[in-house]
Amino acid sequence: MTLYEAELVVDRKESVAEGVLALTLRHPLGEQLPAWEPGAHVDVVLGPDLERQYSLCGDPADRDTWRIAVLREPDGRGGSAYVHDQVGQGDKVRVRGPRNHFRLQSAPRYRFIAGGIGITPILPMLAAAEAAGAEWTLLYGGRTRASMAFTGELGRYGERVTLAPQDETGLLDLASVLGDLADGTLVYCCGPGPLLDAVEERCPSGVLHVERFQANEQQTGDDAEFEVELAQSGRTLTVPADVSVLDTVRAAGIEVLYSCTEGTCGTCETDVLEGTPDHRDSVLTQEERESGETMMICVSRCRGKRLVLDL
């Protein structure tokens, strides 16, 4: 799949909370940007080996601009610090996408839960749920009220939004939101790993949709070597037990898109033509895993001796 990629101009850079900046991006020639749906994210290429994924948190109907929000992470790998300190209004940044593994499915009612910067993919979901006439609520937590982004925009939704700064209310009261889910309710959650784990423990099967910024505890399995046949290039490679498919393919001189190398961003998603993947990512749903149609080649392996990939 060929993704849109372009140098976009930072049309606006503004603080939306303590440690959180929002960037509004537009095409330098005024061209329209690709359409997207709530839950989508883009890759922002900040430099060699410095590429990060950010959720689109603006209005999908606005084809002139994309908006992302970036939390400064003091213990991060440098991407957020670069955006905060080096990227200014009028600068250009290379952006690729959008891609979406967190789509909002149609439902009569929703329970949205966000923690910290996890509010970003949820924002356009609220507007979509509202436009569809669905019943919904949002429980939004953060360290402090000042650290919680976009609270002003959320004000228009009134009592359907519950703000829960931890220094004021303690941990999120998940039982009040998830204790008695009516039939047809879907739960969408994005935020820190411990929050997602807690929500997963309380949700019945089939109702929860999450997006992770950090990898799940790595799933393990048979790490024996196997073969990958690359359908486009006509080559067959051996993937050693201690080497990923991604590294094996790149070592053979075949260029593929990748970013996080942890199975969280979806950049390296590759179509599987034959064989059964051993999924170890934090992106695909259970249904997508069972279909076996794609895999994240940075972490996932093979259940068997051979895969045929569309590379």
Side-chain angles (χ1 to χ4, degrees), residues 1 3-4 20 22-25 33-44 52-63 65-71 95-140 149-150 153-154 157 160-161 184-193 195-196 199-200 203 206-216 259-260 263-269 281-289 291 293-294 296:
M1 179 179 65
L3 290 174
Y4 174 84
V20 182
L23 303 184
T24 301
L25 310 172
L33 301 176
W36 59 280
E37 296 178 356
H41 71 261
V42 293
D43 307 326
V44 180
R52 298 293 182 265
Q53 290 72 44
Y54 299 108
S55 297
L56 292 172
C57 58
D59 179 1
D62 180 1
R63 296 289 300 278
T65 65
W66 282 346
R67 185 177 69 170
I68 60 174
V70 182
L71 168 68
V95 181
R96 182 193 308 121
R99 57 168 59 86
N100 198 340
H101 285 283
F102 194 42
R103 283 187 171 84
L104 184 68
Q105 297 182 8
S106 178
R109 58 190 63 84
Y110 301 96
R111 297 294 176 260
F112 297 105
I113 302 171
I117 198 63
I119 190 61
T120 51
I122 299 295
L123 268 183
M125 291 185 179
L126 304 182
E130 182 79 356
E135 174 198 327
W136 64 268
T137 63
L138 166 66
L139 177 61
Y140 175 24
F150 303 115
E153 293 185 23
L154 292 170
Y157 296 121
R160 279 170 293 179
V161 173
T185 302
L186 294 182
V187 178
Y188 279 79
C189 181
C190 186
L195 171 62
L196 301 186
V199 172
E200 284 181 340
C203 277
V207 306
L208 176 61
H209 299 264
V210 303
E211 183 170 58
R212 290 182 178 271
F213 298 138
Q214 296 179 326
N216 247 331
S259 180
C260 73
T264 61
C265 73
T267 303
C268 70
E269 184 173 13
D281 65 276
S282 302
V283 177
L284 297 177
T285 65
Q286 186 60 36
E287 291 76 12
E288 290 168 334
R289 293 182 177 207
S291 76
E293 295 178 355
T294 68
M296 306 303 157

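Using modelled atom types, no side-chain atom of R67 and backbone atom of T24 make a donor-acceptor pair closer than 3.5 Å. Here the side chain of R63 pairs a donor or acceptor atom with the backbone of L33 at under 3.5 angstrom. Checked by atom type and distance alone, the side chain of H41 pairs as donor or acceptor with a backbone atom of C265 at under 3.5 Å. Without hydrogens or angle criteria, Y140 side chain to A149 main chain gives a donor-acceptor distance under 3.5 Å.
Salt-bridge formation is detected for the pair R160/E130: a Lys NZ or Arg NE/NH1/NH2 atom is positioned less than 4.0 Å from an Asp or Glu carboxylate oxygen.
Under the ring-ring contact (aromatic ring centres under 6.0 Å, His included) criterion, H209 pairs with Y188, not counting sequence neighbours. Applying the salt bridge (Lys or Arg N to Asp or Glu O under 4.0 Å) rule to E293 yields no partners; only residues at least two apart in sequence or on another chain are considered. Annotation: salt bridge (Lys or Arg N to Asp or Glu O under 4.0 Å) contacts of R96 (sequence neighbours excluded): E5, D43, E51. For R109, the salt bridge (Lys or Arg N to Asp or Glu O under 4.0 Å) test picks out E135, with sequence neighbours left out. For E37, the salt bridge (Lys or Arg N to Asp or Glu O under 4.0 Å) partners two or more places apart in sequence, or in a different chain, are R103. Partners of W36 according to the side chain to side chain donor-acceptor pair (under 3.5 Å) rule, which considers only residues two or more places apart in sequence or in another chain, do not exist here.
D59 contributes atom CG, which lies 8.0 Å from atom OG1 of T65 (distance to the nearest 0.5 angstrom). Here CD of E200 is found 6.0 Å from CG of L208. Values are rounded to the nearest 0.5 Å. In this structure, the separation between OH on Y54 and CD1 on I117 is 9.5 Å, given to the nearest 0.5 Å. Taken to the nearest 0.5 Å, the CD1 atom of I119 stands 5.0 Å off from the CG atom of L138. Atom SG of C190 sits about 11.5 Å away from atom CD1 of I113, to the nearest 0.5 Å. Here the straight-line distance linking atom CZ of R212 with atom CG of L196 works out to 4.5 Å at 0.5 Å rounding.
Residues P121 and E211 share a closest heavy-atom pair of CG-OE1, 3.7 Å. P38 approaches P124 most closely through the heavy-atom pair CG-O, 3.7 Å. The two residues V283 and G266 make their nearest non-hydrogen contact at CG2-N, 4.0 Å. Looking at every heavy atom in both residues, N100 comes nearest to A40 through ND2-N, 3.3 Å. Residues C189 and V199 share a closest heavy-atom pair of SG-CG2, 3.9 Å. Here the closest non-hydrogen pair linking G58 and P60 is O-CD, 3.6 Å.
Inter-residue side-chain proximity for T285 and F102 is flagged as unmet; no heavy-atom pair is nearer than 4.5 Å. L284 places a side-chain heavy atom less than 4.5 Å from the side chain of E269. Side-chain contact between W66 and P98 is present, with at least one heavy-atom pair separated by less than 4.5 Å. At a threshold of 4.5 Å between non-hydrogen side-chain atoms, the residues V42 and L56 count as touching. Annotation: side chain of L104 is in contact with side chain of F112 (closest heavy-atom distance under 4.5 Å). Residues F150 and T120 have side chains in contact (heavy-atom distance under 4.5 Å, counting atoms from C-beta outward).
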task: Check step by step if side chain to side chain contact (heavy atoms under 4.5 Å, CB included) holds for Y4 and V95.
output: CA-CA 8 Å; Y4 174 84; V95 181; over 6 Å; no
- request: Kindly indicate, with the supporting measurements, whether the criterion side chain to side chain contact (heavy atoms under 4.5 Å, CB included) is fulfilled by R289 and D281.
  value: CA-CA 10 Å; R289 293 182 177 207; D281 65 276; 3.9 Å; yes
Candidate pair R99 and L3, rule side chain to side chain contact (heavy atoms under 4.5 Å, CB included), full reasoning: CA-CA 8 Å; R99 57 168 59 86; L3 290 174; 2.6 Å; yes
query: Can W136 and V161 be said to form a side chain to side chain contact (heavy atoms under 4.5 Å, CB included), step by step?
result: CA-CA 9 Å; W136 64 268; V161 173; 4.1 Å; yes
